[in-house]
Asker: 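One structure, pasted below without further comment.
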Amino acid sequence: MKKFIALLLAMVMVFALCACGNDDAKDNDGDQVKDYSSMTLDELKAELKTVEDGKLTVATSPDFAPYEFYSLDANGDATLAGFDIAFAQYIADKLGLELNIITMDFDGTLAELQAKNVDIGMAGYSPDPKRESIMSFTKIYYKGGQSFVTSKAKADEITSLETANNAKYKIGAQTGSIQYDLAEANTPDADNIGLTKVPDIIAEVISGKLDGAFMETIVAKAYQAQYEDLVIVCDVPYEQEGSAIGVNKDNEVLLAALNLIIDEAINDGSLQKFVDEAGILAVGDKYEGLLDDAGNVPEADAPADDTAA
Ligand code: ARG
């Protein structure tokens with residue numbers, strides 16, 4: 001009996017040791033690493049550090065309504081809008097930080113995250129596994145799909161990805177985006193062209209300079225409100241169906257906090273509200289691109305002034 005009890009005690013000790021071992025995971029240098037994913041938001045906030053103290057620094061590329069764009073008031077003054085922007089404010093509030101959004105071209109947002117100059121990138125990122133070496137991804141906060149678009153003038157001849165995959169066609173996609181990869185995968189025989197700004201791609205599809213383009217479905221739908229000649233030809237299959245936040249690779253505390261905040265924003269209905277509100281703003285007067293140094297819509301892109309003689 002004594003032997004049995006001794007054995008039992010020994011087993012209990014081994015179990016206890018194993019349990020401790022799990023808590024004290026070690027990284028490559030043998031340092032203790034914490035399991036941030038099991039911590040509460042308050043615990044994470046107590047440990048949170050950001051690139052600039054007291055601020056949440058966010059990179060975005062405002063050429064992507066309804067994710068991010070400029071909404072124009074009656075005077076033509078531009079305000080940054082979109083569901084990424086509203087969600088960024090919600091996140092900053094939950095973290096007790098001041099929101100600092102920096103606007104740039106899409107490929108710039110990737111570079112700034114890689115250089116660790118910003119805390120997060122919110123630019124409708126697809127969690128592309130190829131990007132995992134330069135950023136961490138949160139869970140998906142918005143589920144969306146991909147589309148192939150053309151103009152009304154070409155919709156009779158370009159009816160599928162198969163018909164679009166022809167050397168005589170020029171197909172557009174945003175530089176550095178997963179849509180560019182989709183172009184190379186689905187229309188490899190066509191002349192695939194990368195452009196920096198989404199509105200330029202749309203303008204060229206409408207003018208006939210491009211024959212088609214790969215685009216996020218919700219973005220294509222937002223453009224259809226503005227250009228009735230834009231036709232969505234078909235859905236484009238893509239494994240990562242949805243958007244995630246890109247996080248500075250050094251910041252595991254922030255990553256864990258964002259995953260908690262995403263759950264909360266989905267469950268309390270805030271995210272759906274941000275998407276709905278952005279959808280309404282996106283059909284109104286808007287500008288997609290970067291402002292000039294004075295914070296105005298660049299002259300050439302300003303909506304035509306019909307009061308002018
Ligand atoms: N979802 C695509 C990607 O991650 C395109 C995102 C483009 N975003 C933007 N703000 N222009 O590659």
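First listed ligand is number 1; within each ligand, the first listed atom is number 1.
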Asker: Regarding Lys94 and the six-membered ring of Tyr90, is the cationic atom NZ or CZ under 6.0 Å from the ring centre and inside 45° of its axis?
Answerer: yes
Asker: Do side-chain atoms of Gln179 reach the backbone of Ala173 as a donor and acceptor pair under 3.5 angstrom?
Answerer: no
Asker: Less than 6.0 Å separating the ring centroids of Phe83 and Tyr67?
Answerer: yes
Asker: Using a cut-off of 6.0 Å, state whether more than 12 heavy atoms not belonging to Asn75 lie near its atom CG.
Answerer: yes
Asker: For Ile171, which fellow cluster members are found when Ile, Leu, Val, Met, Phe, Trp and Tyr are connected by side-chain heavy-atom distances below 4.5 angstrom, either directly or through intermediates?
Answerer: Phe148, Ile158, Leu161, Tyr169, Ile178, Leu182, Phe214, Val233, Val236, Tyr238
Asker: Tell me if the CG atom of Asp53 is crowded by more than 12 foreign heavy atoms within 6.0 Å.
Answerer: no
Asker: Applying a heavy-atom distance cut-off of 4.0 Å, which protein residues contact ligand 1?
Answerer: Ser61, Asp63, Phe64, Glu68, Phe106, Ala123, Gly124, Tyr125, Ser126, Arg131, Gln174, Ser177, Ile178, Gln179, Glu216
